[in-house]
Amino acid sequence: MKPEFTSTLRKQRGQIIGWGLALAGLGLLLVPFYKSIFNESAQMIELLKSYPEEFTAFFGDFTSMSTPQGFLDIEFFSFTPLLLGIFAALAGSGLIVTDEESGRLDLIASQPLSRVQFFLSRGMAFVITATAICMLGWLGMVIPLGNSGMDITPGQLALPFIPLLAQVLLYGSLALLLSLLLPSRRLAASVTGLVIVADFFVEGFSNIITDLKPFAKFLPSHYYQGGYAMDGLAVVPVLSFLGIAAIFSLLALWRYQRRDIRVGGEGGWGFRLRRKPALSEPAA
Amino acid sequence: MASSTAISIESLHKHYGDVYALRGLDLSVDRGEIFGFLGPNGAGKTTTLRCMLDLIRPSSGEINVLGMNPQHDPVWVRSRTGYLPGELNLDGNLTGAGALRYFNQLRGGTANTERISELAERLEVDLSQPIKNLSHGNKQKIGLIQALMHEPELLMLDEPTTGLDPLIQRELLRILQESRQAGQTVFFSSHIISVVERIATRVGIIRNGRLIEVAETKDLLNRAVRRATILFREPVDSALFEGLPGVRVLSPDSGRTLLLQVMGDMDGLIKRLAEHPVIEIETERPSLEEIFMTYYSTSESEV
């Protein structure tokens with residue numbers, strides 16, 4: 001299992017560096033801003049009050065900008081599930097199927113490695129990749145924390161990354177499951193992306209459209225704490241996210257164990273339009 | 001004690017929805033032989049190979065590879081086989097050596113580096129180059145080394161000569177002969193008949209998912225009709241050759257040149273010829289390709 005795990009991790013190092021450094025860079029830029037936001041919080045709150053309700057519905061309570069929790073929630077944690085959702089949809093859907101669609105999986109799967117071992121190796125590499133990205137994001141915030149005027153510890157700062165990671169794993173496992181059910185990786189990534197965007201917008205709009213509230217209860221974003229996890233982590237939603245991710249992963253494993261390894265479009269759904277025979281074709 | 005059968009397939013069916021890839025394939029390959037699996041594209045060669053490695057699951061039928069059902073213990077089967085896929089795709093970012101190291105690690109490091117170097121030298125491939133910079137033929141060589149490096153009991157090669165130049169093809173066939181001499185079994189598919197003819201001890205011909213012929217290569221070649229042209233010192237009555245088993249006279253006139261069609265062995269004909277002063281005998285043996293085409297045209301109506 002180890003060679004496959006390390007090989008997958010090596011292939012995903014670009015994702016770790018790209019997404020991780022982007023998050024870290026955002027943290028490095030944002031945290032030093034807190035001091036000036038805090039000093040001018042009264043004017044900022046007045047300004048933000050003039051923003052449309054629809055805007056604040058998505059990014060939280062702007063009046064809490066003067067607290068580190070509120071500031072980081074609005075400026076970072078409110079949209080990072082959407083941002084890292086893109087990573088989760090792409091990496092999750094491509095975890096196995098990218099190699100399958102490129103024809104590489106045929107040779108890899110012919111090696112003495114069971115499908116369970118292969119699946120777990122890749123799954124573990126995905127978990128490590130997502131964790132590393134979140135850790136880099138956390139590190140980007142921790143480095144300037146000393147001079148930021150935020151009265152929080154690095155440990156507290158790590159707490160919002162836990163529900164963020166859980167949500168990424170949830171989306172990633174959904175993408176993985178869909179990639180093994182749907183005929184192509186692209187379709188699996190698109191459907192997952194649609195779910196992520198719908199989750200974000202339905203939850204956001206449910207703050208102003210009350211009719212959406214009953215639906216929002218079924219969405220991950222409804223239970224996402226964001227920056228306020230620094231005040232105390234809600235463990236139940238995190239465990240629920242991880243539990244559902246585990247169920248999706250087990251279903252994906254079940255499916256992977258039973259399906260054919262495809263080459264050249266074998267086993268696709270085959271939505272083929274019946275075409276007229278060409279003139280050169282012999283009659284049936 | 002290990003069975004003498006390397007591959008045993010009974011009534012293998014595989015279909016994808018309403019597309020039938022295999023329709024009751026029966027096949028048996030002995031240990032230590034080179035078996036050529038012959039058929040055009042889409043006949044079911046690759047599907048058969050992939051079923052044997054549990055990459056795809058048969059719709060019905062029984063497979064035994066080295067005495068084990070690949071669906072029951074695929075890891076056991078794969079650890080004893082070396083596989084070259086028909087459509088080889090490797091991680092382009094790795095070097096040849098890196099790719100082989102990765103596959104060797106997946107195999108628990110069972111290949112020795114000396115064997116890898118020897119194969120690379122014989123197949124003339126530079127393992128230090130990134131795979132994305134290699135030509136199709138050189139990528140194929142990496143795939144072949146990957147299949148051969150751990151000296152497996154059974155080699156399953158899908159179109160192994162694809163992309164190789166004639167000299168390297170010859171070297172590969174030599175390597176496969178050596179593998180056979182070392183006790184390995186070689187099962188390879190090809191639609192290039194000359195390759196099969198050169199090394200296969202037995203040949204299986206597949207058409208539309210069914211095996212339509214299995215025979216020793218030499219038997220298949222001998223069984224076929226040959227043309228013989230005999231030049232005598234003096235005119236000979238052609239009627240003397242009529243009635244010989246498997247012989248048909250094509251030039252009924254008496255003369256110095258006799259044109260015959262011979263099926264099967266030529267023993268009776270040669271004994272009869274020995275009674276006359278012969279200057280020259282010329283026989284035209286059909287290639288496996290001609291025989292193959294015969295099977296394809298004659299079985300058309302049956303399939």
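Side-chain atoms are counted along with the backbone in the values below, which use heavy atoms only and exclude waters and symmetry mates. Every chain is numbered from 1, with letters handed out A, B, ... down the list of sequences.
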Name each donor-acceptor pair under 3.5 Å that joins a side chain in residues 177-184 of chain A to protein atoms two or more places apart or in another chain, with its distance.
| from | atom 1 | to | atom 2 | distance (Å) |
| --- | --- | --- | --- | --- |
| A/Ser179 | OG | A/Leu176 | O | 2.6 |
| A/Ser184 | OG | A/Leu187 | N | 3.2 |

(request) Please collect all ring pair (Phe, Tyr, Trp, His ring centres under 6.0 Å) contacts where either partner lies in residues 62-105 of chain B, sequence neighbours excluded, each pair once. (result) none
(request) Examine whether an atom of B/Leu84 lies under 4.5 Å from a heavy atom of chain A, and if so say whether it belongs to the side chain, the backbone or both; otherwise answer neither. (result) neither
(message) I'd like to know which of A/Pro112, A/Gly103, A/Ala109 tops the heavy-atom pair count under 4.5 Å against chain B.
(response) A/Pro112
(request) Please report the C-alpha distance between A/Gln111 and B/Arg78 in whole Å, then the side-chain angles of each, then the deciding distance to 0.1 Å, and finally whether the side-chain hydrogen bond (donor to acceptor under 3.5 Å, both in side chains) criterion is met. (result) CA-CA 6 Å; A/Gln111 307 299 320; B/Arg78 290 178 202 147; over 6 Å; no
(message) Please classify the contact of A/Ser7 with chain B as side chain, backbone, both or neither, using a heavy-atom distance under 4.5 Å.
(response) side chain
(request) Check whether any side-chain heavy atom of A/Asp106 sits under 4.5 Å from a side-chain heavy atom of B/Glu87, and report yes or no. (result) no
(message) Between A/Glu101 and A/Arg185, does any NZ, NE, NH1 or NH2 come within less than 4.0 Å of an OD or OE carboxylate oxygen?
(response) no
(message) Report which part of A/Lys2 has an atom under 4.5 Å of a heavy atom belonging to chain B: side chain, backbone, both, or neither.
(response) neither
(message) Ring-plane angle category for A/Phe77 and A/Phe161, please: parallel below 30°, perpendicular beyond 60°, tilted otherwise.
(response) perpendicular
(message) Under 4.5 Å from any heavy atom of chain A, what part of B/Asp91 do you find: side chain, backbone, both or neither?
(response) both
(request) Select one option (side chain, backbone, both, neither) describing which atoms of A/Arg259 are under 4.5 Å from chain B's heavy atoms. (result) backbone
(request) Output the option from B/Leu90, B/Thr46, B/Leu53 having the highest count of non-hydrogen pairs under 4.5 Å with chain A. (result) B/Leu90
(message) Please rank A/Ser114, A/Ser102, A/Pro3 by heavy-atom pairs under 4.5 Å with chain B and give me the top one.
(response) A/Pro3
